[in-house]
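Remember, it's 1-based here, ligands and their atoms both numbered in the order they're listed. Since the model is a prediction, treat every value here as computed from it, not as a measurement.
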Amino acid sequence: MEGEWVLMVTAKAPSNISVIKYWGKRNEALILAVNESISITLDLDHLCATTTVAVSPKFEKDRLWLNGKEMSLSSDRYQNTLREIRSRGDNFEDDEKGIKIMKEDWMRLHFHIASHNNFPTGTGLASSAAGFACLVFALAKLMNVKDDMSQLSTVARLGSGSACRSLHGGFVKWVLGKDEKKGKDSFAIQLEDEKHWEDLVILIAVVSSQQKEISSAKGAPLTVATSPFLHYRAKEVVPKRIVEMERAIQSRDFATFAKLTCADSNQFHATCLDTSPPLFYMNDTSHRIINCVEKLNRHEGVPQGAYTYDAGCNGFLFARDRKAAALLLQRLLYYFPPNPDTDLSSYILGDKSILKDAGLENINDVEKLPAPPEIQDEVPAQRFRGNISYFICTRPGPGPVMVSDQGQALLDPVTGFPK
Ligand code: DP6
């Protein structure tokens with residue numbers, strides 16, 4: 001195949017946060033989990049990956065640029081993902097541009113891939129989930145792949161387990177599957193779409209940390225190899241929790257949702273502690289955030305908030321509704337005021353309208369916040385200034401989307417190299 005043409009597609013894919021945790025694989029190469037998991041897809045406006053993929057007969061090899069920097073594609077995970085998506089490509093024809101690609105050509109043609117995240121890297125939020133979901137979705141569009149989202153999720157899974165859940169919006173379950181040879185039935189399904197539970201508010205506390213965490217890819221196999229508790233959890237605890245969580249989500253039962261979410265996060269971190277050598281992902285600030293939510297819930301009598309932590313120290317909090325989110329934010333800002341000279345609008349990112357609900361217009365309002373009523377007997381109440389870098393307020397969001405505006409493409413349409 002010859003020619004100077006460049007064909008390209010740009011897409012955005014969301015990040016997701018699990019509420020029943022995936023940790024550990026029964027098959028490392030195929031990325032088949034030891035237990036099922038459930039997640040909520042986060043709004044694209046606040047946390048997403050944008051990826052442009054291009055194909056051209058003039059490209060000499062597959063190349064990848066991540067956040068502007070060229071990265072190697074030589075890992076098994078990239079190679080498996082690319083091989084699998086290539087095998088699903090279909091015929092493509094564009095008479096105007098004089099492009100005709102046959103199914104079998106995809107095996108020989110090379111890709112240029114450029115990707116970036118709309119959230120700062122180095123915060124522990126730069127999960128591989130959005131990135132691999134976006135790569136697979138964009139390539140599927142480029143190659144005219146006819147698979148549905150669940151079938152595509154099995155390809156994203158080869159890049160990173162949690163990525164399979166980012167192919168759907170809303171509330172998503174990654175099913176275990178029985179095909180141990182190929183993993184064809186270990187895919188993500190949508191339980192409910194993003195409009196199902198509109199009251200739910202998600203608040204992410206990005207915790208200041210210099211600590212370099214052990215990646216999930218390295219940590220989880222250690223847990224599988226050394227923690228008896230993980231295997232007990234996978235067999236005896238998670239299957240029941242999955243059923244209960246599905247029911248709680250379906251009926252928007254926040255009290256049960258909160259109980260299961262917090263318990264599952266804590267149990268996942270307990271398996272990390274049960275690993276040899278132990279894995280520590282949460283820090284003192286993470287634990288203080290947990291206390292803050294637990295105290296609020298106890299004080300209110302009915303759960304208003306829930307928390308979950310991935311393999312990192314950032315807290316993902318859920319509030320029952322906007323009123324509960326305002327209560328929670330007031331408390332969090334009381335305990336964790338920003339460093340001096342921080343602008344409130346750079347301390348609360350995403351959906352800033354939550355500030356108004358909490359009665360906070362500027363940084364002076366934060367300084368004047370009264371001690372939460374539930375701790376008034378503890379004198380003096382301690383505040384931990386600067387321990388949280390910032391918050392992101394978000395909500396459940398849709399799955400991947402195509403970006404038609406060429407201005408947002410990350411590759412030049414003529415050269416196929418980063419702009
Ligand atoms: C703690 O998907 O990052 O976030 O499959 O090895 O790439 P690999 O791991 P990854 O694991 C994420 C684990 C988690 C919990 C979860 O997302 O369910």
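Here the CG atom belonging to Leu135 is positioned 12.0 Å from the OG atom belonging to Ser160, to the nearest 0.5 angstrom. Between the OH atom in Tyr309 and the CD1 atom in Ile290 there is a gap of 5.0 Å [rounded to 0.5 Å].
Comment: Lys146 engages Asp90 in a salt bridge, judged by a side-chain N to carboxylate O separation of less than 4.0 angstrom.
Under the 6.0 Å cut-off for aromatic ring centres, Trp65 and His112 qualify, their centroids lying closer than that.
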Identify each donor-acceptor pair in which a side-chain atom of residues 399-406 lies under 3.5 Å from a protein atom, sequence neighbours left out, and give them as a table.
from   : atom 1 : to     : atom 2 : distance (Å)
Asp405 : OD1    : Gly407 : N      : 2.8

Present, as a list of atom pairs with distances to 0.1 Å, all nitrogen or oxygen contacts under 3.5 Å between ligand 1 and the protein.
from     : atom 1 : to     : atom 2 : distance (Å)
ligand 1 : 2 (O)  : Ser160 : OG     : 3.1
ligand 1 : 2 (O)  : Ser162 : N      : 2.9
ligand 1 : 2 (O)  : Ser162 : OG     : 2.6
ligand 1 : 3 (O)  : Ser216 : OG     : 3.3
ligand 1 : 4 (O)  : Asp310 : OD1    : 3.3
ligand 1 : 4 (O)  : Asp310 : OD2    : 3.3
ligand 1 : 5 (O)  : Tyr22  : OH     : 2.6
ligand 1 : 5 (O)  : Gly161 : N      : 2.7
ligand 1 : 6 (O)  : Lys25  : NZ     : 2.9
ligand 1 : 6 (O)  : Arg77  : NH2    : 2.8
ligand 1 : 7 (O)  : Arg77  : NH1    : 2.6
ligand 1 : 7 (O)  : Ser160 : OG     : 2.6
ligand 1 : 17 (O) : Arg165 : NH2    : 2.7
ligand 1 : 18 (O) : Ser18  : OG     : 3.0
ligand 1 : 18 (O) : Tyr22  : N      : 2.9
ligand 1 : 18 (O) : Arg165 : NH1    : 3.0
ligand 1 : 18 (O) : Arg165 : NH2    : 3.3

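A parallel orientation is assigned to the rings of Tyr281 and Phe268, their planes being inclined by less than 30° (bins at 30° and 60°).
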